[in-house]
There are 2 protein chains.
Amino acid sequence: MATLTTQQLAQASGVHAETIRYYERIGLLPAPPRAANGYRRYGADAVTRLGFIRRARELGFAIEDIRGLLDLAAHPDAPCRDADALVQRQLEAVAARIRDLQALHSALQTLAGCDSDAAAHCRLLETLENRACPQCDAQHAATA
Amino acid sequence: MATLTTQQLAQASGVHAETIRYYERIGLLPAPPRAANGYRRYGADAVTRLGFIRRARELGFAIEDIRGLLDLAAHPDAPCRDADALVQRQLEAVAARIRDLQALHSALQTLAGCDSDAAAHCRLLETLENRACPQCDAQHAATA
DNA sequence: CTTGACTCCGTAGTGGCTACAGGGTTCAGC
DNA sequence: GCTGAACCCTGTAGCCACTACGGAGTCAAG
């Protein structure tokens with residue numbers, strides 16, 4: 001039967017070889033048997049499991065969450081309530097992060113496009129220094 | 001003249017005391033004079049500088065960026081081109097992050113609200129296992 | 001005199017990798 | 001048989017921006 005080296009598994013799964021070893025170290029991927037020379041020899045199940053992990057990471061799940069999901073996936077008869085709860089929590093976390101970043105984006109937009117000659121009248125620096133500067137505001141309004 | 005302890009500076013600036021010591025260690029905040037007992041004694045300028053740093057962090061700027069911004073703020077006659085370039089880069093980075101998260105959010109939404117009795121028919125696990133499962137899809141469509 | 005809240009310093013931990021350093025193995029070509 | 005490239009191994013340190021801890025000194029109130 002065909003076995004894969006770490007590098008081949010990396011190519012087949014889309015996960016870097018060093019990351020594969022890292023996953024083994026933290027117990028996310030079981031240690032495979034070794035060849036006589038000490039090289040790891042992976043079977044097809046490793047490709048499957050690593051693909052699972054990669055997709056879960058792409059969905060933003062934490063390593064610890066993924067441990068739970070792998071457990072769940074190993075018990076096809078268990079209710080998927082836990083998995084769904086994880087999805088809900090993840091959705092809420094992502095939504096919150098998006099809201100934060102959108103607020104950040106608006107704040108940055110009010111500071112962008114400043115081409116003042118002097119840093120003293122720069123909108124960004126005004127803001128960071130918490131300065132009220134009517135002269136600067138007027139100038140910005142005029143040039144806008 | 002009034003001086004502040006680390007804790008008092010923390011309260012005045014909204015930055016944790018341990019973070020203040022961290023900023024001193026990495027050279028972002030200058031080391032203040034010490035009292036006879038070895039305690040740090042901050043003046044009002046530290047409140048200003050730390051406020052600047054805090055606001056810049058809230059805008060998502062990296063520590064290294066903030067070093068540059070502090071330099072810039074110390075030279076009021078320098079053109080603010082560099083600051084504006086930093087804002088533009090930051091805006092683009094935030095926008096990209098938002099786009100990524102929105103894609104993630106959509107992906108998660110198609111997986112949410114699964115209340116299957118068996119993990120084998122859970123939409124999340126199907127996706128993670130990269131399984132095509134017409135039976136599951138039909139069931140989900142029917143219960144949706 | 002004790003209690004509890006502060007201060008100090010240095011180090012280690014967080015998450016999820018990534019990048020070495022310093023060695024061994026394999027294989028193709030000469 | 002030799003060389004060199006490309007792989008493999010282990011273990012450790014680095015990334016970011018903190019945060020938490022251990023162990024010790026200091027200080028004001030009761």
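Because the structure is predicted, anything quoted here is derived from the model rather than measured.
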All N/O donor-acceptor pairs, side-chain side in residues 25-37 of chain B, below 3.5 Å, sequence neighbours left out:
residue	atom	partner	partner atom	Å
Arg34(B)	NH1	Gly38(B)	O	2.8
Asn37(B)	OD1	Tyr39(B)	N	3.0

Next on the checklist: Holding to side chain to side chain contact (heavy atoms under 4.5 Å, CB included), I want the full list of residues that pass it with Ala103(A), two or more places apart in sequence or in another chain.
Outcome noted: none
Item to check | Pairing residues for Glu18(A) by the side chain to side chain contact (heavy atoms under 4.5 Å, CB included) criterion, not counting sequence neighbours | outcome: Arg21(A)
Next on the checklist: Tell me which pairs pass salt bridge (Lys or Arg N to Asp or Glu O under 4.0 Å) where either residue lies in residues 85-97 of chain B, with sequence neighbours left out.
Outcome noted: Glu92(B)-Arg99(B)
Checklist outcome for this item: Residues of residues 48-62 of chain A with a heavy atom under 4.0 Å from any atom of DNA chain C, listed by number, are Arg57(A), Ala62(A)
Checklist outcome for this item: Bounded by its outermost nucleotides with an atom under 4.0 Å from a heavy atom of chain B, the footprint on DNA chain D reads dA17(D) to dC27(D)
Next on the checklist: Generate the contact string for nucleotides 3-13 of chain C. Rules: B means base contact, S means sugar-phosphate contact only, - means no protein heavy atom under 4.0 Å.
Outcome noted: ---BSSBB---
Checklist entry - In whole angstrom, what separates Arg67(A)'s CZ from dG15(C)'s P? => result 10 Å
Which donor-acceptor pairs under 3.5 Å do the side chains of residues 6-17 of chain A make with protein atoms, sequence neighbours left out?
residue	atom	partner	partner atom	Å
Gln8(A)	OE1	Thr5(A)	N	2.9
Gln8(A)	OE1	Thr5(A)	OG1	3.4
Ser13(A)	OG	Leu9(A)	O	2.8
Ser13(A)	OG	Val15(A)	N	3.3

Item to check | Set of residues satisfying salt bridge (Lys or Arg N to Asp or Glu O under 4.0 Å) with respect to Arg54(B), sequence neighbours excluded | outcome: Glu58(B)
Item to check | Set of salt bridge (Lys or Arg N to Asp or Glu O under 4.0 Å) partners for Arg40(A), sequence neighbours left out | outcome: Glu24(A)
Checklist entry - For residues 88-98 of chain B, which residues have at least one heavy atom under 4.0 Å from DNA chain D? => result none
Checklist entry - Can you tell me if the side-chain N/O atoms of His16(A) get under 4.0 Å from OP1 or OP2 in dC17(C)? => result no
Checklist entry - Under the 3.5 angstrom rule, does the side chain of Arg57(A) hit a backbone N or O of Phe61(A) as a donor-acceptor pair? => result yes
Checklist entry - Which pair of non-hydrogen atoms, one from Ala112(A) and one from Leu91(B), has the smallest distance, and what is that distance? => result CB-CD1, 3.6 Å
Item to check | Non-hydrogen atoms of Leu124(A) and Leu111(A) that approach each other most closely | outcome: CD1-CD1, 3.9 Å
Next on the checklist: Let me confirm one number: the CD1-CG distance from Ile66(A) to Leu128(B), rounded to the nearest 0.5 Å.
Outcome noted: 8.0 Å
Checklist entry - How many angstroms lie between atom CG of Leu72(A) and atom CG of Leu86(A), to the nearest 0.5 angstrom? => result 9.0 Å
Item to check | Which residues share a salt bridge (Lys or Arg N to Asp or Glu O under 4.0 Å) with Arg67(B), sequence neighbours left out | outcome: Glu64(B)
